[in-house]
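Atoms within a ligand are numbered from 1 in the order they appear, just like the ligands themselves. If you read the sequence from its start, that first residue is 1, and numbering goes on from there.
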Amino acid sequence: MAASLPFAVLISGRGSNMLALARAAADGTIAGRIAVVIGDRADAAGLAAARHFGVAARALAPAHGADRAQYGRALHEALAASGAEFVALAGFMRILDPEFVARWRGRLVNIHPSLLPAWPGLHTHRRVLEAGERSHGCTVHFVTEALDAGPPIIQARLTVAPGDTEQTLSARVQRLEHRIYPQAVGWYATGRLALVDGAATLDGRPLGSPVIEEDA
Ligand code: GRF
């Protein structure tokens, strides 16, 4: 295990999780450094935020008419060129093709704003509120071919408050995301976290269920 893991962060939006990872790498909480931030659109606010933070950032939009597999290959080449050995998806709004996922298997994680397997997909906060759920949160998981369904690593939970709106819930969940994402990437960087025979392992032991953090 290298002393400092070079990793990439893929974004589509404002990149607050990317910044949480960048800060954790900069202050030594993660034994790693961001090799590159890649956005699938040039106007992703997180690209400017990354550069402002002093991290290399580039846009890589799909070429005109490119299918998912072609985009996956372009992405793979950009990542390989950056020297990244691990990839964190942070609000990357694109489904990755099976070849890409296979190439990065065990080295590819995502953060999702729900307690998976509950509420895969989009608009999780709205759907949680509409369903009257009391428990909500976020999940870091290994990425596999099945969307939002790879082996979970860590979850942070909160209790939905009576007055919560989609906006307040989103903000509360994001605060937790910014805590557990650096935690999970940090585990990987020190060799504690792995994907073995399809299961997430921490310190060599399969995680039967994700590590749980309760909102303090
Ligand atoms: C986060 O809520 C994350 O869970 C989801 O996309 C959002 C990205 O937010 N996958 P940000 O760009 O990191 O602020």
Using a strict cut-off of less than 4.0 Å between a Lys/Arg side-chain nitrogen and an Asp/Glu carboxylate oxygen, indicate whether R157 and E213 qualify as a salt bridge.
no
Between I38 and the options L60, V9, V87, L47, the side chain to side chain contact (heavy atoms under 4.5 Å, CB included) test singles out L60
Can you run down the salt bridge (Lys or Arg N to Asp or Glu O under 4.0 Å) pairs that involve residues 66-75, sequence neighbours left out, and say none if there aren't any?
R73-E99
Salt bridge (Lys or Arg N to Asp or Glu O under 4.0 Å): which pairs involve residues 189-208, sequence neighbours left out?
R192-D203
Would you call the rings of F92 and Y71 parallel, tilted or perpendicular, where under 30° means parallel and over 60° means perpendicular?
parallel
First-shell residues of ligand 1 [heavy atom, distance under 4.0 Å]:
R14, G15, S16, N17, G91, I111, H112, P113, Q174, E177
L122: which other cluster members, linking ILVMFWY side chains closer than 4.5 Å, directly or transitively?
M93
